[in-house]
Amino acid sequence: QVRLVESGGGSAQAGASLRLSCVRSGLTYDRTYWGWFRQVPGKAREGVAVLATGGTLKYYSDSVEGRFTLSQDNAKLTLTLEMNDLKPEDTATYYCAARTGYWREFASSWADSKQYKNWGLGTQVTVSS
């Protein structure tokens, strides 16, 4: 059974930093991609940053490129999102998500939430101005 458990998040002032972590279990290493999505009420779930468990594929949304850094520790089965220079528009519930498949399909649809089969419960991030 696949499990994704998020931690971190909370409240911060604009310009500050926060860290999100996600620990996985039950996922294979090969052809697995995982990362973070976020959602605010009334809007669609948005891809933030996703990477491949093996290899170098990594993607960021334009809205977080240069401010957020995604990394993983495969020995600890942990994914970390370092969020710097936070803005009020970063306020959302952040979800850890995972999918499997071939890299070409992943590369063309990394931000499509419908392609992800496994999800965590989410963690709230609130940024005040």
- Task: Might you work through the side-chain contact (heavy atoms from CB on, under 4.5 Å) test for E105 and Q115, ending with a clear yes or no?
- Result: CA-CA 10 Å; E105 296 167 348; Q115 303 300 322; over 6 Å; no
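- Tested against S71 for a side-chain contact (heavy atoms from CB on, under 4.5 Å), the candidates T80, T78, L79 yield a single pass: T80.
- Counting all heavy atoms, side chain and backbone alike, A14 lies closest to S129 at CB-CA, 4.2 Å.
- Here the options are R99, K114, R104, the test is side-chain hydrogen bond (donor to acceptor under 3.5 Å, both in side chains), and the partner is S109; only R99 passes.
- Between Y59 and W110, the two ring planes are parallel [angle under 30°; tilted spans 30° to 60°].
- Looking only at side-chain heavy atoms (C-beta outward), D90 and F68 come within less than 4.5 Å of each other.
- No donor-acceptor pair under 3.5 Å is formed between the side chain of Q124 and the backbone N or O of G9.
- Rounding to the nearest 0.5 Å gives a distance of 11.0 Å between CD of Q1 and CG of L27.
- Of all the heavy atoms in A49 and L81, the pair that sits closest is CB-CD1, 4.2 Å.
- Outside the 6.0 Å centre-distance limit, the rings of W36 and Y94 are not counted as a close aromatic pair.
- Both V2 and L51 are part of a single hydrophobic cluster, where members link through side-chain heavy atoms under 4.5 Å apart.
- The side-chain heavy atoms of L4 and W119, taken from C-beta on, include no pair separated by under 4.5 Å.
- Smallest separation of non-hydrogen atoms from V127 and T91: N-OG1, 2.8 Å.
- With rounding to the nearest 0.5 angstrom, the CZ atom of R3 is 12.5 Å from the CG atom of N118.
- Here the side chain of K117 pairs no donor or acceptor atom with the backbone of T100 at under 3.5 angstrom.
- Within the 3.5 Å criterion, the main-chain N or O of G8 finds a donor-acceptor partner in the side chain of T123.
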- Given the rule in the side-chain contact (heavy atoms from CB on, under 4.5 Å) test, do V40 and T93 qualify, once you have shown the distances and angles that lead to the verdict? CA-CA 6 Å; V40 297; T93 300; over 6 Å; no
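- The two residues S17 and N84 have their closest heavy-atom pair at OG-OD1, 2.8 Å.
- The two residues V23 and K76 come nearest to each other via the heavy atoms CG1-O, 4.4 Å.
- Between the side chain of N74 and the backbone N or O of L77 there is no donor-acceptor pair closer than 3.5 Å.
- The minimum heavy-atom distance between A97 and F37, with the atom names listed, is CB-CD1, 4.0 Å.
- The CZ atom of R19 sits 10.0 Å away from the OG atom of S7 when rounded to the nearest 0.5 Å.
- In this pair, Y33 and F106 present their aromatic rings parallel. The plane angle is below 30°, not in the 30 to 60° band.
- Checking E46, E6, E89 one by one against R38, the salt bridge (charged side-chain N to carboxylate O under 4.0 Å, His left out) holds for a single residue, E46.
- Counting heavy atoms from C-beta outward, Y60 and V48 have side chains that stay 4.5 Å or more apart.
- Cation-pi geometry between R24 and W34 is met: the NZ or CZ atom falls under 6.0 Å from the ring centre, inside 45° of the normal.
- Residues Y95 and Y116 form no side-chain contact, since every pair of their non-hydrogen atoms from C-beta on lies 4.5 Å or further apart.
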